[in-house]
Number of protein chains: 2
Amino acid sequence: MKERRTGAREAVLDAIRAAEPLSRVELAAMTGLTEASISTTVRKLLGEGLVVETGRTPTGGKPRTLLRLDPAARIAVGVHLDEDVTTYVLTGQTGGVISRMTRPAAPAGAGAADLVRRLAADVGSLVDGSGVDRVRCLGIGLVGADPRLARDHDLTEATGWPVLLENAATAAAVGEYWVARVEAARPFAALYLGSGLGAGIVAGGEPLRGSHTRAGEFGHLCLQVDGPACWCGSRGCLEALAGPQVVVEAARADPVAAGEAGLGAARSTVADFAAVARAARAGAPACRALLDDSARYVAAAAESLVNLVDVDLLVLTGPGFAAASFVYAPAITARLGPADARTWHRSVSVTVSLAAATASATGAAALVLQEALRSGQQ
Amino acid sequence: MKERRTGAREAVLDAIRAAEPLSRVELAAMTGLTEASISTTVRKLLGEGLVVETGRTPTGGKPRTLLRLDPAARIAVGVHLDEDVTTYVLTGQTGGVISRMTRPAAPAGAGAADLVRRLAADVGSLVDGSGVDRVRCLGIGLVGADPRLARDHDLTEATGWPVLLENAATAAAVGEYWVARVEAARPFAALYLGSGLGAGIVAGGEPLRGSHTRAGEFGHLCLQVDGPACWCGSRGCLEALAGPQVVVEAARADPVAAGEAGLGAARSTVADFAAVARAARAGAPACRALLDDSARYVAAAAESLVNLVDVDLLVLTGPGFAAASFVYAPAITARLGPADARTWHRSVSVTVSLAAATASATGAAALVLQEALRSGQQ
DNA sequence: CCATTATCTTAAGCTGGTGAAGGAACGGCG
DNA sequence: CGCCGTTCCTTCACCAGCTTAAGATAATGG
């Protein structure tokens, strides 16, 4: 009935994650496994402390005992190296943030060794400060890799934890999958607006990575055949037409918009974009117009994505959408409407991530947990 | 080492399909399975007649016995209901076409029952005429579903064979996967140009289908935010800007081009498009200009696809590309070049299907075989 | 206290894989 | 010719993971 792609262990953890609390009978029904099989796998998980029994539901006969994930049974650290800040997140099994920390990004001048030392120290103090036992932490997920961190190996040595690299959009998608409890079988895409535009696509429970782990370059969908040159070397890319850099540059170029948003000395793209979005939200017309213009393009690109991979859920995430989803979400919905109703007979939900600003870091940590817990090697 | 997503049976068949002939030792190395395991699965496959031993390679010690698929051990019928013609293909395990048949499409006025009767009769005579035993045929793959065939059930009843529905582009991709022996792990996309434009995307050995089996609507990538209205209800879709219908209409509207291509009474889009392509190939400048214009858009859309799902192989297929790939393939290659070299550090191969005209029908048959052989139920 | 109902566990068996040891087919060499 | 070593292929014992079938457990209501 329901697909069973790998072991019972994974299926059970996924089911509980998506719809906790659950009894064993319900688990059997959802995963397609036997009650016998559920019984034994659950016993194992109880033994490892990953799952806890909590409460019971009365029925006609023996009441069901409900199962939950123990949020702090295993944890992982997510690190997001952004242009101007580095975000650290400590995440438990349920995707919930146990503690977090933000620090200004390491100066561009600092050497590789310095950067590694700094990250290792921050991660260590985050874990220690959280009160959770160090051995429960399974690893570090790292997003937005700095070229100085080409060898994740270094950070592994410095901290003793395994390190997993991922790109921001894919990590954000996985984070969403955990935090927002997307059903395992449902394909969806997370659109990420940070200093650029990316998409994390999850199909069949697994993120789509492609040949070179470089799937999801949403910002380089072409929206104008002979459009302006993009830094990537092509022309007419979404990012070159309506990316955050373009919005920020346009705002700086227009004295009215710059005034509305209070753009002073050059800061990071992310910070400036957020300033424009805040101004627009407060009613500033010039800033609003800039965002509306950007949203037209983003919406068209979103439609392309939906038509190509056929998802019926789009999650907007990342700092950019955290600040400006009030413009982009309606634009996307409006753009998708006519063709969906007339031709495709589908209805795509567009939602905004609940934790858009930390989505990537959370997702990176979730990926580490997922890898480790599914297979069960300690 | 190599991924092993499901059973040994599937892995072995896939490996042989991709690189026959192979010895058992080589199979063990390629699949990551034990030689012991290979031995037993191969014995089973030999028993079923799916695989045959053929020849041996001398080595230092005991020579290897080579294994091949027996092309005619199991067969399936692929049917492609196109606008104006219906193509029937009888395909063996290796994807090779055993026999084929083309008939004019059933008149639009005919009823559902008529259509089913006609298809059943054609399929029956194809199988019987091929000399292959009827019981070796595992089913019928049907592409380009006519609304009158909404219930594939009817055709199953009329023929006694299971029927599988698929869309043209996905089927073409699977066909390519078989015929051109694409490696199992390599993600790729097949672009299909028929009466419309579609893409079949294969990632992780499985075609990407999406939420509603509607992935791959390549023709509805947006290439111009406020472009011309498309029949789908949106604006600026590739198909509305540069699809085959648009090319044909433009050719008809331009007396020079119409003359070059010899466009007379209205025929099908596919036939007219092929006429334009033939003229262009023969040197007709107006037709060539029309195709060049279309190719600019298709190339940009192909770039979007590559950037979004990260494939490094694009196969052009379908009757449209069969006739006009000499224009489209170079255009796509040229468009991808700059950004691939500068930013993505990848090199995308663009190839033309060897059997572009029958790709869909072959692919549909291949899908039936794949389903049946992998699991081994009869 | 016992029948009823429903949940959960236990025990035996099947399937599909592994690891290690042994048998089979060759060429080369005395 | 017989005896190497070499390499390929098979056999056998075993294990993991899941299923089926039967039984143990915990509540409810007469």
Side-chain angles (χ1 to χ4, degrees), chain A residues 1-16 20-48 50-68 373-378, chain B residues 1-16 20-48 50-68 373-378:
Chain A
M1 159 168 250
K2 299 302 194 302
E3 295 192 16
R4 180 172 7 110
R5 110 207 63 187
T6 59
R9 192 191 166 85
E10 182 178 332
V12 167
L13 284 172
D14 256 22
I16 303 187
E20 105 189 319
L22 284 175
S23 70
R24 290 173 177 76
V25 233
E26 293 166 312
L27 277 172
M30 296 184 62
T31 57
L33 294 162
T34 342
E35 296 184 2
S37 191
I38 297 289
S39 184
T40 50
T41 21
V42 165
R43 183 175 32 250
K44 245 178 267 167
L45 295 174
L46 284 168
E48 294 173 36
L50 298 183
V51 161
V52 288
E53 296 191 328
T54 148
R56 22 188 57 206
T57 6
T59 60
K62 173 175 175 180
R64 307 174 166 179
T65 62
L66 297 176
L67 302 165
R68 279 180 190 284
L373 294 180
R374 281 191 172 172
S375 45
Q377 335 103 337
Q378 173 35 251
Chain B
M1 155 170 255
K2 300 300 195 305
E3 293 193 18
R4 182 170 8 110
R5 118 204 56 188
T6 59
R9 192 192 166 84
E10 182 177 333
V12 167
L13 284 173
D14 256 22
I16 303 187
E20 87 184 341
L22 284 175
S23 70
R24 291 174 175 73
V25 232
E26 292 166 313
L27 277 173
M30 295 185 63
T31 58
L33 294 162
T34 341
E35 295 184 4
S37 193
I38 296 289
S39 185
T40 51
T41 22
V42 166
R43 187 179 23 253
K44 246 178 266 167
L45 295 174
L46 284 169
E48 294 173 36
L50 297 183
V51 161
V52 288
E53 297 191 328
T54 152
R56 23 188 57 204
T57 351
T59 58
K62 172 176 174 180
R64 306 174 166 179
T65 62
L66 297 176
L67 301 165
R68 280 179 188 282
L373 294 180
R374 281 191 173 171
S375 44
Q377 335 105 337
Q378 170 40 250

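Every value quoted in this text rests on a predicted model; they were computed, and no experiment measured them. Lettering of chains follows the sequences in order, A, B, ..., and the numbering in each one begins at 1.
- Rounded to a whole Å, the CG atom of L33(A) is 13 Å from the P atom of dG17(D).
- Neither OP1 nor OP2 of dG16(C) sits under 4.0 Å from any side-chain N or O of R9(B).
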Apply side-chain contact (heavy atoms from CB on, under 4.5 Å) to residues L22(B) and L67(B) and explain how you reach the verdict.
CA-CA 5 Å; L22(B) 284 175; L67(B) 301 165; 5.5 Å; no
Show your reasoning for whether side-chain contact (heavy atoms from CB on, under 4.5 Å) applies to R43(A) and T40(A).
CA-CA 5 Å; R43(A) 183 175 32 250; T40(A) 50; 3.6 Å; yes
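- Contacts between residues 34-46 of chain A and DNA chain D, counted as heavy-atom distances below 4.0 Å, involve T34(A), A36(A), S37(A).
- In this structure, CZ of R64(A) is placed 7 Å from P of dC8(C), rounded to the nearest angstrom.
- One interatomic measurement links the two molecules: CG of L66(A) to P of dT7(C), which rounds to 12 Å at whole-angstrom precision.
- Distance, L22(A) CG to dC8(C) P: 11 Å, rounded to whole Å.
- Here T34(B) pairs with A36(B), S37(B) under the side chain to side chain contact (heavy atoms under 4.5 Å, CB included) rule; sequence neighbours left out.
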Across nucleotides 23-30 of chain C, 5' to 3', mark each nucleotide with B, S or - according to how protein heavy atoms within less than 4.0 Å reach it.
-BBB----
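- Judged as a side chain to side chain contact (heavy atoms under 4.5 Å, CB included), and not counting sequence neighbours, the contacts of T59(A) are R64(A).
- As rounded to whole Å, 12 Å separates atom C1' of dT7(C) from atom CD of E26(A).
- Checked options L13(B), D14(B), V12(B); the residue passing with I16(B) is V12(B) (criterion: side chain to side chain contact (heavy atoms under 4.5 Å, CB included)).
- With sequence neighbours excluded, the residues forming a side-chain hydrogen bond (donor to acceptor under 3.5 Å, both in side chains) with R24(A) are E53(A), T65(A), listed by chain and number.
- For residues 29-39 of chain B, there are no salt bridge (charged side-chain N to carboxylate O under 4.0 Å, His left out) pairs, not counting sequence neighbours.
- Every side-chain hydrogen bond (donor to acceptor under 3.5 Å, both in side chains) that S23(A) has, sequence neighbours left out, goes to E26(A).
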